Amino acid sequence: MILGFRGNPRRFLDKLYEEKLPLQAFEIGTTFEDLFSLIDRISGLTCTEARGRELISSLRERIKFIEARIPRPGVGAKVFLTLYGQGQELWTCGQNSYLNYLLGRAGLQNVAADFKGHWLAYNPEKLIADNPDFILIMARNRQAFSQATNWLESLTALRAITAIKNKNFIFLDENLFSRFGPRLVEAYEWLIKAVYSASDSEAK
Amino acid sequence: MSSQRKPWLFPAILALLTVAALLLSVKIGAVRMSWQEVRAGLFFGGQYRDIILHLRLPRAILAYLVGASLALSGAILQGYFRNSLADPFILGVSSGASLGAVLSLEIGLTWTVFGFSSQSWLAFLTSLLLVATVYLISERRRLRQGESLLLTGIAAGAMASALTSFLLFRRADAYEQAVFWLLGSFSLSGWKEVWLIFPYFLLALIVSEYFATEMNLLALGDEVAQSLGCPVRATRRLFLFLATLLASFSVAVAGIIGFVGLIVPHSVRLIVGPDHRPLFFYSALTGGAMLVWCDLVARTAFSPSEIPIGVITAALGAPFFIYLLNWPGKKHS
């Protein structure tokens, strides 16, 4: 069996269909429910329904446990998530991305949430006007994260942004956050731990 | 021609367009502000000081300098090859730069030196390396060296493009990362980029103006130019060096911006004629003004997202160029 995703080039998927190979193509979702439905479908196709149900149930439990850490009502801190290593651009996640869903679910306010699409190169002027409290940096490792923070701090134009002034940078492991799969729950946990422990230490 | 009847008309329109472009670039953006707020930001601090002084103003000036550099480089190379289809990237500057930038993504380099990213550095160095290699290969051929240089440049450019495509094919996720760079952008450009390119642009403009008469002689053919006392080989080397560095500096600070270096000198030649003295000067000024307008559209049309500026230069430049080519009553130089 071949599992394909919408992110794969369409012509490859068409070719596999033409060759009558056992291909199943899936949409990438945006929510945890989409993720569970994806696991459910794949486990059905691979005759591992019981393991699929087990995984979904453990992920649901995990989410419940993680969300107990979120202060209620949501702090609503303004955050800007950016992907480092994209040249001179501030790439961020828009309304249709699962990352925007994760931020919203974690009680955070994504400054780019009003903009359609998965990814967009954000206008730095708009970022200054939005003035986020935290900048979440998706980087491949700590070293790249540190380079990213240095780069952001070196941009004179952005120096007045609260997150930069207070050095409120949060490292998001690219490996966890850049794939739509069970590890998304791990990513969610990482996000909540990082943001709320940073908020607590700032409050103190 | 109108410029012969009213010689003040073209400089006047150009000055007007340039001033309007620079003023609007400082006024218009993702964050709306009044003229009073712009004035306050420029001279008295104010709420929008950082946006005006550290984003909009350096960006507008950089767009002007890059546009001017590309147009001047194009004008030089069109004269050098005696071919109005030549542009700053004809010898492989853009292909070499793309290769360097994508290579930097492929290796995963994320360092910065003097505030410039590994992508910019590698792009700058590979573009220079490629043109130097092209020049050294073609120099071995004494006869019809210009033709050999052009063809070697095209072949080397194709080879570098093939390597770039291969690297992008190997890492599909790098494509999104590379696309803005491959199509050019002034996002987050600051004063350091301006100070990097400004001295070299000024020097190149002065030197090319100084030797513009020699370029006029080269336009008559190498033998004629030689017989009229022009040191052909040295002049050619000088102009090639100037044009390549202008293009490489532009690519290093703003990525690859096509079309400006092709259409601006060509259009200006239709207005001021083939004499390289006014041609170099007005090409630079027109290229600068054009790119400031294009950047204004690129950053405001779909705000807060930005469109790569190369898309705008091609979308606006191509129809205008077609119109100019078919301009009723125009004279080919």
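Here is how names work: the chains are called A, B, and so on, in the same order as the sequence lines, proteins then strands, and each is numbered from 1. Note that this is a predicted model, so its numbers are computed, not measured.
By the salt bridge (charged side-chain N to carboxylate O under 4.0 Å, His left out) test, A/Arg41 pairs with no residue at all, sequence neighbours left out. Taking B/Glu37 as the reference, nothing meets the salt bridge (charged side-chain N to carboxylate O under 4.0 Å, His left out) condition, with sequence neighbours excluded.
Interface remark: A/Leu127 contributes no atoms to any contact with chain B (heavy atom separation under 4.5 Å). If you measure heavy-atom distances from A/Phe115 to chain B, the contacts under 4.5 Å come from the side chain alone.
Here A/Lys78 does not pair with A/Asp130 in a salt bridge; the nearest charged N to carboxylate O distance is not below 4.0 Å. For A/Glu67 and A/Arg105, the salt-bridge test passes: some basic side-chain N is under 4.0 Å from an acidic carboxylate O.
Interface check for chain B: of the options A/Pro124, A/Ala112, A/Ala148, A/Gly94, the most heavy-atom pairs under 4.5 Å are formed by A/Pro124.
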